[in-house]
Novice: 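The structure follows.
Within every chain, numbering begins at 1; the chains are lettered A, B, ... in the order of the sequence lines, protein sequences first and strands thereafter.
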Protein chains: 2
Amino acid sequence: MSSRLPAFSGLTAFYAAVRNGTLTGAARSLNVSQPAISRRIAQLEADLGCALFDRSHKPVQLTDSGRELATALRSGFDLIETATDRIRRAAKGRVVTVSGPSGFVAFWLIPRLGQLQEACPGTIIRIISMEHGEPGRIGDVTVRFGAQDPSAQQEIKILGEEVFPAASPLYLSRIQTPLTPDEFSNKALLTMEGSRRYWYDWPSWFDAIGRPMPPAAQFIDFNAYAMVINAALAGQGICLCWSGLLDTFLDSGALVRLTHLSAASDRGYFMSLRDGGAARPEAIAVLNWIAQSGATPAPTAAGRLGEQH
Amino acid sequence: MSSRLPAFSGLTAFYAAVRNGTLTGAARSLNVSQPAISRRIAQLEADLGCALFDRSHKPVQLTDSGRELATALRSGFDLIETATDRIRRAAKGRVVTVSGPSGFVAFWLIPRLGQLQEACPGTIIRIISMEHGEPGRIGDVTVRFGAQDPSAQQEIKILGEEVFPAASPLYLSRIQTPLTPDEFSNKALLTMEGSRRYWYDWPSWFDAIGRPMPPAAQFIDFNAYAMVINAALAGQGICLCWSGLLDTFLDSGALVRLTHLSAASDRGYFMSLRDGGAARPEAIAVLNWIAQSGATPAPTAAGRLGEQH
DNA sequence: ACTCATCATAACCTCAGCGTATAATCCAAT
DNA sequence: ATTGGATTATACGCTGAGGTTATGATGAGT
């Protein structure tokens with residue numbers, strides 16, 4: 001590009017003044033101070049060698065040269081803005097956003113991200129971790145944990161809730177093994193702080209397996225499930241594991257299941273498309289891949305979304 | 001303008017890369033370093049959400065998005081550049097550049113600039129001060145000092161060379177007045193340093209009036225006539241005055257002519273149009289105004305340029 | 001395998017361009 | 001004619017955006 005084009009800071013300041021009617025209005029619209037606009041336009045006028053505004057009036061009025069430049073800038077900027085908008089939308093169309101509870105994201109989704117990317121070339125996966133209770137639906141594909149909601153739009157259950165205790169070999173090496181639930185007294189039990197009974201915690205787990213809560217258990221609280229698991233992996237105590245969520249750690253032996261006993265409910269991880277039937281094909285492809293990779297073998301009666309017969 | 005337009009620093013860097021074929025070539029053409037171009041384009045790509053160049057090749061190749069953006073930028077920048085070029089040329093057409101010896105500029109032309117502007121509304125007068133010996137012709141209207149050049153294109157003599165000594169009242173109050181040339185001994189004579197005998201200096205002035213150079217005169221040298229006159233105005237000595245040039249100071253009494261004796265030659269200030277008969281009307285108008293304002297009443301035989309019967 | 005050109009990134013530096021303060025000026029209302 | 005408010009221009013001080021250099025990674029040609 002020739003150096004004959006003026007500095008764009010001046011052109012954009014000038015054009016903002018044209019559209020806003022005053023230099024003060026241009027400053028507001030560009031989020032700078034009014035003197036900044038004044039100087040930029042003065043520099044542009046020095047470069048061009050003539051006034052673009054008639055300053056014998058307040059607010060300023062365009063000169064003939066200013067009018068000519070404004071027309072060219074409108075056309076030129078519109079061309080560029082239209083092209084960049086199309087490019088941004090095309091790029092955004094290749095982005096599929098998946099949101100879910102932080103535990104699910106950290107321990108189920110992210111470990112499988114490489115496989116997901118390979119399964120969906122050309123799609124950029126964007127992940128948003130959400131805590132329980134955050135409002136609304138964010139992202140093209142949304143995963144939530146909870147009970148089935150019969151009035152909700154179509155959801156796929158990808159993991160049910162089956163919970164059992166586990167600990168790391170490091171922890172177990174410091175205490176006798178195997179450790180049965182009856183022997184949890186005086187043991188460190190890792191738990192989610194501020195639990196709202198939307199999932200099993202230690203008391204409700206023991207209740208579900210029909211055993212009393214062990215006396216003198218020591219609770220260590222965290223405010224995110226990822227921190228609970230990180231503490232368990234570090235050998236700091238016994239955690240509750242959701243079946244299917246921590247398979248990578250259980251399979252690798254980084255965590256060891258402590259008993260065949262488990263508590264189960266009809267809750268689970270449910271996945272849905274924010275836009276339902278109007279979802280983009282890229283989003284449907286991501287949802288289908290997650291569904292077929294989920295530990296729960298049987299999807300809900302709606303089956304795979306997007307498939308037609 | 002919407003904030004949706006990307007930063008122009010990125011757009012211009014990208015477009016320069018497209019036109020130059022490589023980022024390195026873009027850096028050269030924009031006079032910045034190659035890393036600066038690299039970062040600017042990276043920021044643009046982050047804003048747009050996609051790659052504009054395919055970097056698995058050297059040099060880089062445009063992606064589909066890059067090609068689309070390049071097309072839009074070519075059109076948009078061309079519109080803007082064409083408009084700004086027209087505006088610059090129109091503005092430049094209103095500019096008439098007058099060049100002349102620094103003494104003439106400082107003491108004759110600039111004091112009359114207000115009147116000239118009033119006589120030529122819509123014309124921007126641009127003045128270039130030149131020292132003797134500088135090459136060529138600069139400016140639409142050129143004033144030179146020297147002898148008439150019969151082979152030169154049409155010139156108007158605006159001031160002849162008639163030279164006499166003068167001093168300020170401040171200086172004269174410190175010495176006896178009136179001061180005749182015979183009494184210049186031991187007086188401070190202000191002179192142009194490095195005089196090349198193209199105009200009167202003190203020795204040649206005394207020779208011209210048929211009197212001996214006064215012994216024991218004290219010369220104070222300056223390298224510009226304007227400095228000589230400023231020193232005289234400040235009461236530091238006696239200067240040589242060119243008639244017609246310093247009328248404003250003589251008329252106001254800031255300088256006082258010391259003798260009716262003067263030296264004269266056929267040299268003088270000659271004015272011409274760089275473009276001769278092809279000069280723009282604005283330039284012709286400026287030349288005519290200067291000619292009619294000059295102290296020399298009779299122009300050369302060619303008369304006023306640009307006048308038709 | 002080697003060499004060269006091209007490109008990306010880290011670390012450091014500085015001045016272009018910002019904001020604030022304030023004065024000048026136009027315009028509408030009184 | 002006066003006044004108050006809005007708009008614009010300019011001086012001064014400050015800082016972080018964007019430059020540079022150094023250097024490593026990588027593609028392409030030989």
Novice: Return the orientation label for the A:Phe53 and A:Phe14 ring planes: parallel under 30°, perpendicular over 60°, tilted otherwise.
Specialist: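 Ring orientation of A:Phe53 relative to A:Phe14: tilted.
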
Novice: Taking the minimum atom-to-atom distance to the side chain of B:Ser33, which one of C:dC18, D:dA9, D:dT21 wins?
Specialist: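 Ranking C:dC18, D:dA9, D:dT21 by closest atom to the B:Ser33 side chain puts D:dT21 first.
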
Novice: Between atom CZ in B:Phe14 and atom P in C:dC7, what is the gap in whole Å?
Specialist: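 About 13 Å, once rounded to whole Å.
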
Novice: Let me know the distance between CD of B:Glu45 and P of C:dT9, rounded to the nearest Å.
Specialist: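 After rounding, the gap between these two atoms is 11 Å.
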
Novice: If you check the B:Thr24 side chain, which of C:dC18, C:dC7, C:dA8 turns out closest?
Specialist: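 The answer is C:dC7.
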
Novice: So does A:Lys58 reach the base of D:dT8 with its side chain, donor to acceptor, closer than 3.5 Å?
Specialist: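 Looking at the base of D:dT8, it does not pair with any donor or acceptor on the side chain of A:Lys58 (distance under 3.5 Å).
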
Novice: Can you see which heavy atom on A:Cys50 is nearest to which on B:Ile87, and at what distance?
Specialist: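 Smallest interatomic distance, heavy atoms only, reads SG-CG2, 3.5 Å.
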
Novice: CG of B:Leu23 versus C1' of D:dT26: gap in Å, rounded?
Specialist: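 Distance check: B:Leu23 CG to D:dT26 C1' gives 14 Å.
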
Novice: Please walk me through it: do A:Phe8 and A:Tyr15 pass ring-ring contact (aromatic ring centres under 6.0 Å, His included)?
Specialist: CA-CA 10 Å; A:Phe8 279 101; A:Tyr15 191 58; over 10 Å; no

Novice: Can you tell me which nucleotide in D:dT8, C:dA8, C:dG19 comes closest to the side chain of B:Gln34?
Specialist: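 So the side chain of B:Gln34 is nearest to C:dA8.
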
Novice: Rounded to whole angstroms, how far apart are NE2 on B:His57 and C1' on D:dA25?
Specialist: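 In whole Å, D:dA25 C1' and B:His57 NE2 are 17 Å from each other.
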
Novice: Less than 4.0 angstrom from a charged side-chain N to a carboxylate O is my criterion; do A:Arg55 and A:Glu45 meet it?
Specialist: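 Here A:Arg55 pairs with A:Glu45 in a salt bridge, since their nearest N and O are under 4.0 Å apart.
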
Novice: Nearest-nucleotide wise, let me know which of B:Ile37 and B:Arg55 is further upstream toward the 5' end of DNA chain D.
Specialist: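 Here B:Ile37 is the residue nearer the 5' end.
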
Novice: A:Pro59 has a side chain; which of D:dA9, D:dT7, C:dT6 sits nearest to it?
Specialist: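 Nearest listed nucleotide: D:dT7.
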
Novice: When you measure from the side chain of B:Ala36, which nucleotide among D:dG19, D:dA6, D:dA9 comes out closest?
Specialist: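 Comparing D:dG19, D:dA6, D:dA9 against the side chain of B:Ala36, the answer is D:dG19.
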
Novice: Distance check needed: C:dA5 C1' versus B:Asn20 CG, whole Å only.
Specialist: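 Spelled out: CG on B:Asn20 to C1' on C:dA5 is 16 Å.
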
Novice: How many Å lie between CG on B:Leu62 and P on C:dC7, as a whole number?
Specialist: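 Atom-to-atom, B:Leu62 to C:dC7, this comes out as 12 Å.
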
Novice: Looking only at side-chain N and O atoms, does A:Ser29 offer a donor or acceptor that is under 3.5 Å from a partner on A:Asn20?
Specialist: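 Yes.
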
Novice: Separation of A:Asp54 atom CG from C:dT25 atom P, in whole Å?
Specialist: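 To the nearest whole Å, that distance equals 16 Å.
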
Novice: Rounding to a whole Å, what distance do you find between A:Gln61:CD and C:dC26:P?
Specialist: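 My rounded result for the distance is 13 Å.
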
Novice: For B:Arg28 and B:Arg39, find the nucleotide of DNA chain C closest to each by heavy atoms; which residue's nucleotide sits nearer the 5' end?
Specialist: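 Between the two, 5'-proximity favours B:Arg28.
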
